[in-house]
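Structure first, commentary second.
For this chain, numbers begin at 1 and follow the sequence in order.
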Amino acid sequence: CDWSSDVCSSDLISALPIELIYFDGSIINNTNYLEWATATEHNSSHFIIEKSIDGYTWITLTQINSAINSTQELHYDYVDNNIDATYNYYRLLQYDIDGQFKQYGPIVIDNNIQSKIVVKRINLAGQEVDESATGIIIEIYQDGTMKKTIR
């Protein structure tokens, strides 16, 4: 660079392979739905979705081909049907056609599904009833919480 003339040149021109707009995840119908979008893609080969339950050990879930070159907004998604009842971490790897890659994320989805065990059901008169009882029923769970239901 010639700083006195504000002129700088380089023999190596490197464009970013993609412009990622977002990478996000949500729970839909007991699955984790991952989605991302790119504004542009330049010499992009494919995406890999990786998953972890501890944030350290990652496994590959899938590979999804990219558009290679695009100047329009493109949307991608993946559904993880095999979720664990814990925090599930995901990261997105984008590979160029020359084998270079860039990592996005991780993002986390809280799948802490706690199944509540009913220890007692009572009606409004305070009588213990079984699961077939009708009317207003108060269910008392193992963790001490209660829920009023109408059957």
Side-chain angles (χ1 to χ4, degrees), residues 1 3 8-122 128-134 136-151:
C1 289
W3 297 110
C8 190
S9 64
S10 174
D11 293 335
L12 177 63
I13 298 174
S14 175
L16 294 174
I18 67 166
E19 286 181 69
L20 186 71
I21 299 171
Y22 63 85
F23 172 47
D24 201 8
S26 57
I27 302 170
I28 298 178
N29 298 327
N30 297 319
T31 65
N32 285 346
Y33 179 72
L34 307 174
E35 58 184 334
W36 64 99
T38 60
T40 62
E41 296 182 18
H42 176 71
N43 293 330
S44 177
S45 172
H46 62 277
F47 297 98
I48 289 182
I49 297 287
E50 293 184 330
K51 177 182 178 179
S52 174
I53 58 170
D54 61 10
Y56 298 103
T57 305
W58 296 88
I59 60 166
T60 298
L61 293 180
T62 192
Q63 176 177 316
I64 297 173
N65 290 333
S66 63
I68 302 174
N69 293 301
S70 174
T71 56
Q72 62 184 346
E73 186 172 309
L74 298 174
H75 295 264
Y76 299 90
D77 62 3
Y78 176 76
V79 177
D80 182 7
N81 293 308
N82 188 19
I83 58 174
D84 296 295
T86 185
Y87 291 101
N88 288 275
Y89 300 88
Y90 298 93
R91 64 186 183 189
L92 177 67
L93 303 175
Q94 179 276 318
Y95 281 82
D96 296 352
I97 57 174
D98 64 1
Q100 298 293 318
F101 71 94
K102 181 170 172 82
Q103 175 185 310
Y104 298 93
I107 60 171
V108 63
I109 299 176
D110 182 0
N111 295 109
N112 282 302
I113 304 165
Q114 299 178 1
S115 58
K116 294 191 173 199
I117 299 170
V118 176
V119 293
K120 188 185 282 189
R121 290 179 181 87
I122 56 173
E128 193 166 339
V129 296
D130 64 14
E131 63 272 0
S132 64
T134 58
I136 298 175
I137 308 297
I138 299 169
E139 294 181 329
I140 302 169
Y141 298 100
Q142 187 177 29
D143 65 0
T145 61
M146 293 183 276
K147 182 174 97 175
K148 180 173 70 173
T149 60
I150 301 173
R151 299 183 192 171

>> When you compare the side chains of Thr86 and Asp84, does any donor N or O come within less than 3.5 Å of an acceptor on the partner?
In response: no
>> Just verifying a value: how many Å separate Tyr22 OH and Ile107 CD1, rounded to the nearest 0.5 Å?
In response: 11.5 Å
> Is there a side chain to side chain contact (heavy atoms under 4.5 Å, CB included) between Asp98 and Asn43 once you walk through the steps?
Replying inline: CA-CA 8 Å; Asp98 64 1; Asn43 293 330; over 6 Å; no
> Considering only heavy atoms from C-beta outward, does the side chain of Leu20 approach that of Leu92 to under 4.5 Å?
Replying inline: yes
>> Pair Phe47, Trp36 - check ring pair (Phe, Tyr, Trp, His ring centres under 6.0 Å), show working.
In response: CA-CA 10 Å; Phe47 297 98; Trp36 64 99; 5.5 Å; yes
>> Within this structure, what is the CG-OH distance for the pair Leu34 and Tyr90, rounded to the nearest 0.5 Å?
In response: 5.5 Å
> Looking at Lys51 and Ile83, what are the two nearest heavy atoms and their distance?
Replying inline: NZ-CA, 3.8 Å
> Got a second to check how far Thr60's OG1 is from Glu50's CD, nearest 0.5 Å?
Replying inline: 4.5 Å
> Does Asn82 have any side chain to side chain contact (heavy atoms under 4.5 Å, CB included) partners at least two apart in sequence or in another chain, and if so, which?
Replying inline: Asp80
> Minimum heavy-atom separation for Arg91 to Pro106, with atom names?
Replying inline: CB-CA, 4.1 Å
> Between Thr40 and Ile18, does a side chain to side chain contact (heavy atoms under 4.5 Å, CB included) hold up when you go through it step by step?
Replying inline: CA-CA 5 Å; Thr40 62; Ile18 67 166; 5.9 Å; no
> How long is the gap from CZ on Phe23 to CD on Glu35, to the nearest 0.5 Å?
Replying inline: 10.0 Å
> Counting only N and O atoms by type, is there a donor-acceptor contact under 3.5 Å from the side chain of Asn111 to the main-chain atoms of Tyr87?
Replying inline: no
> Once you round to the nearest 0.5 Å, how far does CD1 of Ile138 lie from CD of Glu128?
Replying inline: 12.5 Å
> Listed by chain and number, what are the side chain to side chain donor-acceptor pair (under 3.5 Å) partners of Ser44, not counting sequence neighbours?
Replying inline: Ser66, Gln94
> With a cut-off of 6.0 Å (strictly less than), are more than 12 heavy atoms of other residues, nucleotides or ligands near CG of Asp54?
Replying inline: yes
> Which is it for His46 and Ile48 under the side chain to side chain contact (heavy atoms under 4.5 Å, CB included) test, yes or no, and what are the steps along the way?
Replying inline: CA-CA 7 Å; His46 62 277; Ile48 289 182; 3.8 Å; yes
>> Going by side chain to side chain contact (heavy atoms under 4.5 Å, CB included), Glu139 matches just one of Met146, Lys120, Arg121. Which one?
In response: Arg121
> Which heavy atom in Ser52 sits nearest to a heavy atom in Thr57, and how many Å separate them?
Replying inline: OG-O, 2.8 Å
> Can you list the residues that meet the side chain to side chain donor-acceptor pair (under 3.5 Å) rule with Tyr89, with sequence neighbours excluded?
Replying inline: none
> NZ of Lys147 to CD1 of Ile140: how many Å apart, nearest 0.5 Å?
Replying inline: 13.5 Å
>> Could you report the tightest heavy-atom contact between Ala67 and Ser70, atom names first, then the distance?
In response: CB-CB, 4.2 Å
